[in-house]
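Here is how names work: the chains are called A, B, and so on, in the same order as the sequence lines, proteins then strands, and each is numbered from 1. Note that these values count all heavy atoms, side chains included, but never hydrogens, waters or copies made by symmetry.
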Protein chains: 2
Amino acid sequence: MSRFPARSDWIERAEATLTAAGHRRGGARRALLQLLDEQECALSAQEIEDALRAQGADRSKSATGLAGAAAGAGSAGARGANAAGKGVSRASVYRILDELEGLRLVQRVETGQAMVRYERVSERAEHHHHLVCDECGVVMPFSDPGLERAIETLSERVPMKVSEHEIVLHGACRDCAV
Amino acid sequence: MSRFPARSDWIERAEATLTAAGHRRGGARRALLQLLDEQECALSAQEIEDALRAQGADRSKSATGLAGAAAGAGSAGARGANAAGKGVSRASVYRILDELEGLRLVQRVETGQAMVRYERVSERAEHHHHLVCDECGVVMPFSDPGLERAIETLSERVPMKVSEHEIVLHGACRDCAV
DNA sequence: TTTACTGCAAATTATTTGCACGGTT
DNA sequence: AACCGTGCAAATAATTTGCAGTAAA
C-alpha cells in the first residue's frame, strides 16, 4: 500500500517547468498531473474529467474505469485530486492540458476519434506510438526501434525541420477481429 | 473504358464503386470527385467548399492556390462542377466525403489542426504520408519505402489486425524555419 | 496584497442531421 | 414515377473564453 508513490520524474519535471514558467500550483493542475502520470496511454479530455470527478467523489476507489472502455490504462490508486473531492472543471482540464502541451510536458494524440487525446511526454525514451481499434475504439501503445530509426533517417531528407512525429496504426484489435 | 484522358483512374473507379453501391451521380458529388482528383495532397472540408464555390463563380480560373495542385482546372478540369456554378453546400461536402471514406475512396488525414483533411486514396501505390508545418500550417506529402517496410514488418508483431496507418511529421517548413 | 488558478456558463467552431425540393434513372 | 442527392438551416459535440470568486506566493 504505497501511500506516496515516489513522485515520478515526470511530475517533478513538470512542476519545476511550470514554476520556472511563472506558474503557481493549483489543486486542479496537481490532480491532472497526477492522473496523467499514472496513465499508460493517452486519455481524452472527457475521460480525464470523468476520472478526476470520480476520484473526487470516491477517493478510495481506483478510479480507472475509464481505461477499460477506451484505453487499457491501468492506474494505481489515485490520491492527488483536490482535497475537497469535487473534481476538476472541463475548462480547467482543457486549459491545463493546453498549457502543458505548450511546455512540451504533454502531447496530443490524434486517433481519428472525433476528439483529441493527451498523454504525458516522458524524457526517458519511452517514446511510443498508437494502435487504434476502429471497432471498439480501444487505444494502446506500442514502440519499435526500427521504426524510430527509419523516422530519424527520413527526417534528415525531408524539406522541413522535423520536431515531432506521430504514428497511428488503425485496424481491429484481437477481441474485435473475427 | 473511357475516351476522356482527363478522367483519371481514380475517378472512374470511384464512380464505378459508387454505382455498384447503388448511388446515382449528382452534380455535387461529381464536382467533389473532380476536385479531389486534382489535388496532390489533403484538403480540409473548408478548403473544398471554398474551392468548389470559387469554381462555380469563375470556372475559367484554376481553383485558388490550394495545395499547389491547381493544374489543369482549365479545359479538362472544371468540366465536372455543377453547371449552375453555385458551389456545393457544406453539408454535401461532409456527406459525400463520409460516403467516399466508407468506400475507401478517400481517407482522412489528421494533422492536428483542429479540422480533418481528406484526400483521395490511389490504388497505385502512391501511398504517402504528411509533413505539417506547425508555424504556417502548410501540409505536404512525402513517401519513404524504408518507412513503409518498417511499418509492414511491425504490423505483423502487433496485437492487432492492422488495416491502415498514418504518419505525420511536425516541424517547421523551410520558409518558417529561421 | 498581488496575481495566478478555477469553476461556471455562455460562446465558438467543426461537423451532423431533418426536411423539402430538384435531379437522375 | 420512384428515389437518391442536395441545399438550407437548425442541431450537436468538442473545445474556448469571459468573468468573478478563491487561493498561492
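Taken from SG in B/Cys133 to CD in B/Gln113, the straight-line distance is 9.0 Å, to the nearest 0.5 Å. Between the CG atom of B/Leu18 and the CD1 atom of B/Ile11 there is a distance of 11.5 Å, given to the nearest 0.5 Å. Here the CZ atom belonging to B/Arg90 is positioned 12.0 Å from the CZ atom belonging to B/Arg95, to the nearest 0.5 angstrom.
If you measure from atom CD of B/Gln46 to atom C1' of C/dT16, you get 16 Å, rounded to the nearest angstrom. When the P atom of C/dA11 is taken as reference, atom CZ of A/Arg90 falls 16 Å away, rounded to whole Å. Counting to the nearest Å, the P atom of C/dT15 and the CD atom of B/Glu47 are 11 Å from each other. Between the P atom of D/dG7 and the CD1 atom of B/Ile48 lies a distance of 14 Å, rounded to the nearest Å. Taking atom CZ of B/Arg95 as the reference point, atom C1' of C/dA14 lies 16 Å away to the nearest angstrom. Per the geometry, CE belonging to B/Met115 stands 18 Å off C1' belonging to C/dT16, to the nearest Å. Atoms CG (B/Leu100) and P (D/dT6) sit 10 Å apart, rounded to a whole Å. Across the protein-nucleic acid pair, B/Tyr118 atom OH and C/dT16 atom C1' stand 11 Å apart, rounded to whole Å.
In this structure, A/Met160 and B/His170 approach most closely via the heavy-atom pair CE-C, 3.5 Å.
The residue B/Arg25 sits close only to the backbone: its heavy atoms come under 4.0 Å of sugar-phosphate atoms, none of a base. Backbone-only contact: B/Arg29 has heavy atoms under 4.0 Å from sugar-phosphate atoms and none from a base.
Each of B/Ala91 and A/Gly26 was matched to the nucleotide of DNA chain D holding its nearest heavy atom; the match closer to the 5' end belongs to B/Ala91. Ranked by how close their nearest DNA chain C nucleotide is to the 5' end, A/Ser89 and B/His23 are led by A/Ser89.
One finds no side-chain N or O of B/Tyr94 lying less than 4.0 angstrom from the OP1 or OP2 phosphate oxygen of C/dT16. For the OP1/OP2 pair of C/dT6 and a distance below 4.0 Å, the side-chain nitrogens and oxygens of A/Ser92 include no atom meeting the criterion.
Classification of the B/His127-B/His165 ring pair by plane angle, with boundaries at 30° and 60°, yields perpendicular.
Look at B/Glu99 and B/Arg29 and you find a salt bridge, because one of the NZ, NE, NH1 or NH2 atoms lies within 4.0 Å of a carboxylate O, short of that distance. Using a 4.0 Å cut-off between charged side-chain N and carboxylate O, B/Glu110 and B/Arg117 make no salt bridge.
Heavy-atom distances under 4.0 Å link DNA chain C to no residue of residues 102-110 of chain B.
Under the salt bridge (Lys or Arg N to Asp or Glu O under 4.0 Å) criterion, no residue pair touches residues 129-143 of chain A, with sequence neighbours excluded.
If you check the side chains of A/His130 and A/Glu119, you find a donor sitting under 3.5 Å from an acceptor. For the 3.5 Å distance criterion, the side chains of A/Glu40 and A/His128 fail to qualify, holding no donor opposite an acceptor.
For B/Ile96, counting side-chain heavy atoms from C-beta on, the closest listed nucleotide (D/dT17, D/dT6, C/dT24) is D/dT6.
Rotation axes derived from the C1' atoms of the five outermost pairs at either end of the helix from C/dT1-D/dA25 to C/dT25-D/dA1 lie 30° apart, to the nearest 10°.
For B/Arg24 against D/dC3, a side-chain N or O and a base N or O form a donor-acceptor pair under 3.5 Å. With hydrogens and angles ignored, no donor-acceptor pair closer than 3.5 Å exists between the side chain of B/Arg30 and the base of D/dG5.
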